[in-house]
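First up is the structure itself, then whatever we jot down about it.
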Protein chains: 2
Amino acid sequence: MPEKPFPVAVIATEAPARARKSVYPAPFAQLMEGREKRPLGDLFGLANFGVNLTRLAPRGISALRHAHSRQDEFIYILQGHPTLCTDEGRMRLSPGMCAGFKAGTGNGHNLVNDTAEDGVYPQGGDRTPGDEGTYPDDDIKGSFADGQWHFVHKDGTPY
Amino acid sequence: MPEKPFPVAVIATEAPARARKSVYPAPFAQLMEGREKRPLGDLFGLANFGVNLTRLAPRGISALRHAHSRQDEFIYILQGHPTLCTDEGRMRLSPGMCAGFKAGTGNGHNLVNDTAEDGVYPQGGDRTPGDEGTYPDDDIKGSFADGQWHFVHKDGTPY
């Protein structure tokens, strides 16, 4: 069967949103209800990194505050003023601001939208194998294997 | 000597522009005069992929039309209407449009600004080793080794 050809270009806001809101186990999955991700890189067959267009509704959060062991991440704010939370504290962002999250630092990050308008930003991250996620504020840890995230409590017990 | 700490976030347009306009050999380097690149990912110490904020002046081009053997690329248009040139032809882009360029397809791409206003877009690409660049329209080929691009004529003779 021939592969479906990739598009030349797309309007990012018209890309389909990911059907499953979160891969976190309960009770964390429901915290992601205010987050919508539209995979963009996958539309073009990109394999080495992913790019999503993410929209955070008021009170939405991008993720649990987390750090990656091997994968770098990057965000570029297009709309709104979400707050970036890291070990350095809280910093409200504005359109035209960007931030990168270097793998292996252990410095957890997430975005929290404590404004009344949506926050919109493309986010990118590579897919280096063997990645692990650490969560300084929550009793969870993650490992990426066989194409998906696996989560356990910090003591290793399953969810 | 302690490492200089990375910033939490930056205003992308205030990031320093790359001093050297192009790594192409003559006569191609001068074709890049209308292109300005501001490295963004490097500011945060990202290693697995690079992100630049690129501005194309009227008549500027993003690169020679090229394809990567191993590295994926992605662009997201913020301002202006640069034209994307691929094997499929020419497509004028608009703010909010994005495109990805999958490694290994051999389908060359570049952006040509044939409008009277600047085109501005973040572009990202991973740093998978062993990458080679092919250039369907020009007598040049490139290989990435030891942290830099090496260019020769298509018959292997040096520039």
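Predicted, not measured: the structure shown is a model, and the values here were computed from it. Only heavy atoms go into these numbers, but all of them, side chains included; no hydrogens, no water, no symmetry mates. Order of the sequence lines sets the chain letters (A, B, ...), proteins ahead of strands, with each chain counted from 1.
Looking at A:Leu93, the atoms closer than 4.5 Å to chain B (heavy atoms on both sides) all sit in the side chain, from C-beta outward. Contact of A:Leu84 with chain B is made through the side chain alone, with heavy-atom distances under 4.5 Å. Contacts between B:Ala47 and chain A at a heavy-atom distance below 4.5 Å involve backbone atoms as well as side-chain atoms. In this structure, no portion of B:Ile75 lies under 4.5 Å from any heavy atom of chain A. Within the 4.5 angstrom heavy-atom criterion, no atom of B:Glu14 approaches chain A. Neither the backbone nor the side chain of B:Ile77 comes within less than 4.5 Å of any heavy atom of chain A. Interface residue A:Glu73: only backbone heavy atoms are found under 4.5 Å from chain B. Looking at B:Leu40, both its backbone and its side chain come within 4.5 Å of chain A, counting heavy atoms on both sides. Contacts between A:Leu53 and chain B at a heavy-atom distance below 4.5 Å involve the side chain alone, from C-beta outward. If you measure heavy-atom distances from B:Phe74 to chain A, the contacts under 4.5 Å come from both the backbone and the side chain.
Put simply, of B:Val51, B:Ile11, B:Thr13, B:Thr86, the one with the most heavy-atom pairs under 4.5 Å next to chain A is B:Val51. For the options A:Gly100, A:Gly96, A:Gly45, A:Ser94, heavy-atom pairs under 4.5 Å to chain B are most numerous at A:Gly100. With chain B as partner, the option from A:Pro95, A:Ala12, A:Gly41 having the largest number of non-hydrogen pairs under 4.5 angstrom is A:Ala12.
Side-chain atoms of A:Asp155 and A:Thr157 include a donor-acceptor pair closer than 3.5 Å.
At least one donor-acceptor pair under 3.5 Å links the side chain of B:Asp72 to the backbone N or O of A:Asn48. Using modelled atom types, one side-chain atom of B:Asn107 and one backbone atom of B:Asp87 make a donor-acceptor pair closer than 3.5 Å. Side-chain N or O atoms of B:Arg35 include one that pairs as donor or acceptor with a backbone N or O of B:Lys21 at under 3.5 Å.
We find the CG-CZ distance between A:Asn52 and A:Arg38 to be 11.0 Å, quoted to the nearest 0.5 Å. The line from OH of A:Tyr76 to CG of B:Leu78 is 5.0 Å long, rounded to the nearest 0.5 Å.
Of the charged side-chain nitrogens involved, at least one lies within less than 4.0 Å of a carboxylate oxygen, so that B:Asp114 and B:Arg90 count as a salt-bridged pair. A salt bridge is defined here as a Lys NZ or Arg NE, NH1 or NH2 lying under 4.0 Å from an Asp or Glu carboxylate O, and A:Asp42 with A:Arg127 meets this definition.
Just one of B:Thr128, B:Thr134, B:Asp131 meets the side-chain hydrogen bond (donor to acceptor under 3.5 Å, both in side chains) condition when paired with B:His68; it is B:Asp131.
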